[in-house]
2 protein chains.
Amino acid sequence: MTKATPEPASNKGAYHHGELREALVRATRQLVVERGAENFTLADACRLAGVTTAAPYRHFRDKQEILEELVARGFDDMSERSRVAVESHGEGTIEGIRAMGQAYVQFAVDETAMFRLMFGQNPALKKAADVVARGQSCFANVINQVALYCQREGIQANAPEIAVELWTFVHGAASLLIDEDYEKVAPGLDVQRLIENVTPRLLRVATTRDP
Amino acid sequence: MTKATPEPASNKGAYHHGELREALVRATRQLVVERGAENFTLADACRLAGVTTAAPYRHFRDKQEILEELVARGFDDMSERSRVAVESHGEGTIEGIRAMGQAYVQFAVDETAMFRLMFGQNPALKKAADVVARGQSCFANVINQVALYCQREGIQANAPEIAVELWTFVHGAASLLIDEDYEKVAPGLDVQRLIENVTPRLLRVATTRDP
DNA sequence: CCCCTAAGTAAGCGACGCTAACATATGTTA
DNA sequence: TAACATATGTTAGCGTCGCTTACTTAGGGG
């Protein structure tokens, strides 16, 4: 675990930092990405931002609250990725829905530490109001796309139920992938392909077997 | 976070504990179950076992190594549950395979802290040789049952591939359930029912829609 | 211009993981 | 049975962490 080296303070030499709150969130994000949320210390973020370890408490209640801020931003990122995936593959199409799932996994791969923070086991972190709201809005996108798909294809089905099934599968895939649990058992597994194969079945579409 | 109150040492008043290694593992398990692995401290385990905080280092390299021991035992428990589920529902049957999945989720519910430790993000913990071996053996059970099922039903399919799909779905369900991510979005969801509904489709069996 | 408040620092508390040095049991061997 | 070697405890202490209290400084409004 190497030490954090201070970045040049934006307000060099000044007693007041000027934008410490934002600087701390940036430092926290960087450290969480570099070393994982488990190994993140507030003290390191302070060193990186060039302030003493007492300074954050003027802007955040405690360590937890900085992480909440980070998690909320993470859901925004994920929503944006989801939106892009759907738009570029067609609203309410099976390809669009599949692309959403693949974007979910890709987010977990690209932003592993953030994903773990967002869906990890820290209960207090996830009960924050803005975190809950953003999570719900993320899932609402999935329901909407599935409902649209069912409507377009004239399929008689319960969209929220199907959305839950899709989410469950895709979340399992993302988790097992980034936690390297697949490696022990199915090394080299192509997870994007896995989702491609399973999505139709979860959408109640019969497919010919894949080679 | 309440303090741990010491259990009566097995070897009362003696300078040597007698079975400290085992006592520490027991204390660790209890504390992990009570407060979660994140909040577990070695010092608490020492108090519970009635020894000083330096004592564990005669039996374990570090805190991590006690947790490895715990994880290994967790996989044994899970294997056992899996075995029982299959035996009581029929080897190589769709019911047996479904029961395995449900047992997986039930384990996560009953032993949430253990499940999180076993599939959590601590990389060092999961690379221990005995942990890897036990995980593989657990998964091998699934493959065997799927292969047996395919053979009995005369289905031409890739058993490991199907097993991965089943594991993925069931793991996603367990994770989202215990992390209370479903609650925000689909409160009161019946996860065992969810698995019941999806298992046939993952086994490539067409089913009539569930009500 | 003065004063109030916002936002930083300094110092310190208790807890943690871990280590080094010391003490005491245990059991093997002469 | 006495002496030694080793296994297994304790005591004391280091550095770090999250967080609090009391002090200091900067900046804006009367």
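Shown here are the salt bridge (charged side-chain N to carboxylate O under 4.0 Å, His left out) partners of A/Asp62, two or more places apart in sequence or in another chain: there are none.
Protein atom NZ of B/Lys63 is 14 Å distant from nucleotide atom P of C/dT19, rounded to whole Å. Counting to the nearest Å, the P atom of D/dG18 and the CZ atom of A/Arg61 are 15 Å from each other. The separation between A/Arg21 atom CZ and C/dA6 atom C1' is 15 Å, rounded to whole Å. Atom C1' of nucleotide D/dG18 and atom CG of A/Leu67 are separated by 13 Å, given to the nearest angstrom. Across the protein-nucleic acid pair, A/Asp44 atom CG and D/dT16 atom P stand 11 Å apart, rounded to whole Å. To the nearest angstrom, C1' of D/dC17 lies 13 Å from CG of A/Asn39. At whole-Å resolution of the value, CG in B/Leu42 and C1' in C/dC18 are 9 Å apart. Whole-Å rounding puts the B/Leu20 CG to D/dG9 C1' distance at 9 Å.
If you check every strand for non-hydrogen atoms under 4.0 Å, B/Ala54 touches a base.
Checking B/Val51 against A/Thr53, the closest nucleotide of DNA chain D that is more toward the 5' end is the one next to B/Val51.
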(message) As a quick check of understanding, evaluate side-chain hydrogen bond (donor to acceptor under 3.5 Å, both in side chains) for B/Glu34 and B/Gln30, giving each step before the final call.
(response) CA-CA 6 Å; B/Glu34 281 176 11; B/Gln30 177 184 332; 3.0 Å; yes

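Looking at the side chain of A/Thr52, the nearest of the listed nucleotides C/dA20, D/dC19, C/dT9 is C/dT9. Side-chain proximity of B/Thr41 to C/dA11, C/dC16, C/dC18: nearest is C/dC16. Closest to the side chain of B/Arg58, from the set C/dG17, D/dC17, D/dT8, is D/dT8.
Considering only side-chain N and O atoms, A/Arg47 lies under 4.0 angstrom from the phosphate OP1 or OP2 of D/dC17. Taking side-chain N and O atoms only, A/His59 has a distance below 4.0 Å to OP1 or OP2 of C/dG8.
B/Arg201 has its side chain within reach of A/Glu165: a pair of non-hydrogen atoms, C-beta onward, lies under 4.5 Å apart.
Note on A/Arg73 versus A/Glu22: salt bridge recorded, some NZ/NE/NH1/NH2 to OD/OE distance being below 4.0 Å.
In terms of modelled atom types and a separation under 3.5 Å, the side chain of B/Thr112 and the main chain of B/Ala108 share a donor-acceptor contact.
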